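A short write-up of the structure that comes next.
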There are 2 protein chains.
Amino acid sequence: MASRNDTNAKAAPATKRLPRTTLSGQIAEQIRAAILDGTYALGAQLNEMELASTFGVSRGPVREALQRLIQEGLLRSEPHRGVFVPELAPTDLIDIYFVRRSLELVAMRRILETPERAEVVRDLAGIVRQMKAAVRRKDWPQVADLDMQFHRRIVDEAGSERLTRSFATLQAETRLCLQMLMGGYRENAALIDEHQLLVDLIERGALEPALAELERHFGDPVRTLQKANASRKEKLGAEAA
Amino acid sequence: MASRNDTNAKAAPATKRLPRTTLSGQIAEQIRAAILDGTYALGAQLNEMELASTFGVSRGPVREALQRLIQEGLLRSEPHRGVFVPELAPTDLIDIYFVRRSLELVAMRRILETPERAEVVRDLAGIVRQMKAAVRRKDWPQVADLDMQFHRRIVDEAGSERLTRSFATLQAETRLCLQMLMGGYRENAALIDEHQLLVDLIERGALEPALAELERHFGDPVRTLQKANASRKEKLGAEAA
DNA sequence: TATCGTAGGATTGTCAACAATTATGCGGGT
DNA sequence: ACCCGCATAATTGTTGACAATCCTACGATA
């Protein structure tokens, strides 16, 4: 990872392409990707100096990037100790999905209130199509990514800047949580059908059925986790301090 | 403002009281309070060096504090230019209230689903009582603060860490927006009655009426703003880029 | 006189070093 | 053998200085 820079060659061409970019922002993006990729394990400490040398920069930008991720909920800071990848419990996933469901339901309601839905429906259908292909290739990371895109597209369509912002952090936490608790993305056979059904309901303007289906769609991951949790609850009892 | 430190006397007693505190955090709190107090006007730029000398620290902690506030939505950063107090439009207030309403409705629904509500009801009633006294004293800043406490108490009672976190930023933005658009808090005579009614409905466990009243409660500020907006809409047409 | 190019000043972004705090390992005492 | 206190080591928090970038104002030219 982080092969973009050499030891101290800071004049990378990528930096020039978009002048309105900050080094901190790039670092934040890279670290975020690394966290979500599972590069840093649960509870691991992120050494500032180490990260700095890894990215070929000083500790300043790294520090700012870390703080940004802390505010996003992807890292936890203990003053004078360090920043750690949070150890998310099953209750955290449930909490995350509780808020996510709320936000998406609101977005869905707003979408079905507007008469112009052709564009969203087209985009969502395209995502589902790609998803179908990815499932056929058994490219699960891609499926997970498309799942993210699908739900984000719905929330974005609501046209609320704050809703989008809140949802973005929730979605990042979701990904982290799934990574931590289930070791990646689950192979859910019903996933395609559920998304396709949602698209159809949106197209037809069926408000209540769409909301109900969305709720059902969210109830499933929680139940899946609870099943997965049952097989490793012995490990969780050790850290009830 | 910021008379806590002298020129370079960093060993303030307040710093020692809570060892698990970061200088950046304190700075962030101070700057946030200053923003919400209206110390920094709409669109004003916050000079890092100036803030640093004001607080008697270096630019590092100031920078981190600013970035924290940026992520909270209370400041806007333009790379290589500076950080500014965002110029919020009426549409922003509407957007903020849209998300706030959604979150509070979710919290309310969850509260009314739990059988143990005595503690919340007691706390909320206490806040309303203080509010009544503050209104009698015409202490509007205090009324605004109690209003904030009231709604935050409701959201906190839902017991969702993410809901609380998201709501906190929304509430800060709300305060900023009201400060910017209406020059502070409005003197709403019906405010006390509305809150009291909400408390009663929560106590009685009346789900649907409580949700309806909460919606009504949120519809009002938006309408108030739209009225206030009517008197200055000529200024808003200039920046439709 | 208006406009374009350029020099100046100011502010942010970044860096390397210093200081404070915390955790760990060792030695002595009970 | 176990526990307490102290010194050491590592990491974060903070600082001041350097470099890149952007805005502004001035002057030359058409």
Side-chain angles (χ1 to χ4, degrees), chain A residues 2 4-31 40 43-71 75-85 241, chain B residues 4-31 40 43-71 75-85:
Chain A
R4 197 178 55 79
N5 277 350
D6 288 314
T7 322
N8 52 4
K10 80 178 70 169
T15 310
K16 281 295 172 190
R17 276 188 64 253
L18 194 57
R20 285 305 171 97
T21 210
T22 319
L23 196 49
S24 322
Q26 297 181 13
I27 305 288
E29 217 167 311
Q30 300 243 6
I31 296 179
Y40 304 115
Q45 79 296 351
L46 271 62
N47 191 315
E48 293 181 0
M49 216 167 52
E50 191 178 312
L51 287 170
S53 63
T54 300
F55 290 109
V57 297
S58 183
R59 274 179 52 210
V62 171
R63 227 176 133 68
E64 291 192 11
L66 289 179
Q67 198 173 60
R68 201 175 301 192
L69 297 174
I70 288 166
Q71 283 265 325
L75 290 175
R76 184 163 291 278
S77 163
E78 296 186 26
H80 291 281
R81 290 261 325 237
V83 300
F84 304 86
V85 179
Chain B
R4 196 177 56 77
N5 278 351
D6 287 316
T7 321
N8 51 4
K10 80 178 72 165
T15 309
K16 282 292 171 191
R17 277 188 64 253
L18 195 57
R20 285 305 171 98
T21 211
T22 320
L23 196 50
S24 320
Q26 296 181 14
I27 305 288
E29 215 166 313
Q30 300 242 4
I31 296 178
Y40 304 115
Q45 78 295 352
L46 270 61
N47 190 314
E48 293 181 0
M49 214 168 53
E50 189 179 312
L51 289 170
S53 63
T54 299
F55 289 110
V57 297
S58 184
R59 272 180 53 209
V62 171
R63 229 175 131 68
E64 292 192 11
L66 289 180
Q67 201 172 60
R68 200 174 303 190
L69 297 174
I70 289 166
Q71 284 266 327
L75 289 175
R76 184 163 291 278
S77 163
E78 296 186 28
H80 292 281
R81 290 263 323 242
V83 299
F84 303 86
V85 180

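Just so you know, these numbers come straight off a predicted model, no measurement behind them.
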For this session: Answer yes or no: does a side-chain N or O of A:S24 lie under 4.0 Å from OP1 or OP2 of C:dG13?
Result: no
For this session: Indicate whether OP1 or OP2 belonging to C:dA10 is found under 4.0 Å from a side-chain N or O atom of B:N47.
Result: no
Problem set entry | Shortest non-hydrogen separation from A:L66 to A:E48 and the atoms involved | CD1-CG, 3.9 Å
Exercise. Want to settle it: does B:R59 or A:M49 sit nearer the 5' end of DNA chain D, counting the closest nucleotide to each?
Worked result: A:M49
For this session: List the steps, then state whether side-chain contact (heavy atoms from CB on, under 4.5 Å) holds for A:F55 with A:I31.
Result: CA-CA 10 Å; A:F55 290 109; A:I31 296 179; 3.8 Å; yes
For this session: Could you tell me the separation between the NE2 atom of B:H80 and the C1' atom of D:dA20, rounded to a whole number of Å?
Result: 7 Å
Exercise. At under 4.0 Å between heavy atoms, what does A:G82 touch on the DNA or RNA strands: base, sugar-phosphate, or nothing?
Worked result: sugar-phosphate
For this session: Return the minimal non-hydrogen interatomic distance between B:Q67 and A:E64, and the atom names on each side.
Result: OE1-O, 2.9 Å
For this session: Could you check how far CD of A:Q45 sits from P of D:dA10, rounded to whole Å?
Result: 14 Å
Exercise. Quick one: A:E64 CD to D:dG13 P, roughly how many Å, whole number?
Worked result: 13 Å
Problem set entry | Rounded interatomic separation in angstrom, taking CZ from B:R63 and P from D:dG13 | 17 Å
Exercise. For A:V85 and A:L46, which heavy atoms make the closest approach, and how far apart are they?
Worked result: CG2-CD1, 3.9 Å
Exercise. Rounded to the Å, how far apart are B:E78 CD and D:dC22 P?
Worked result: 12 Å
Exercise. Which whole-number value in Å describes the distance from A:L23 CG to C:dG13 P?
Worked result: 11 Å
Exercise. Contact class for B:L46 (heavy atom, under 4.0 Å): base, sugar-phosphate, or nothing?
Worked result: sugar-phosphate
Problem set entry | Nucleotide D:dT12, atom P - distance to CZ of A:R76 in whole Å | 17 Å
Problem set entry | Per B:R81 side chain, nearest of listed nucleotides D:dC23, D:dT12, C:dT12 | D:dC23
Exercise. Within this structure, what is the CD-to-P distance between A:E50 and D:dT11, rounded to whole angstrom?
Worked result: 9 Å
Exercise. Would you say A:Q45 and A:V83 make side-chain contact, with heavy atoms under 4.5 Å?
Worked result: no
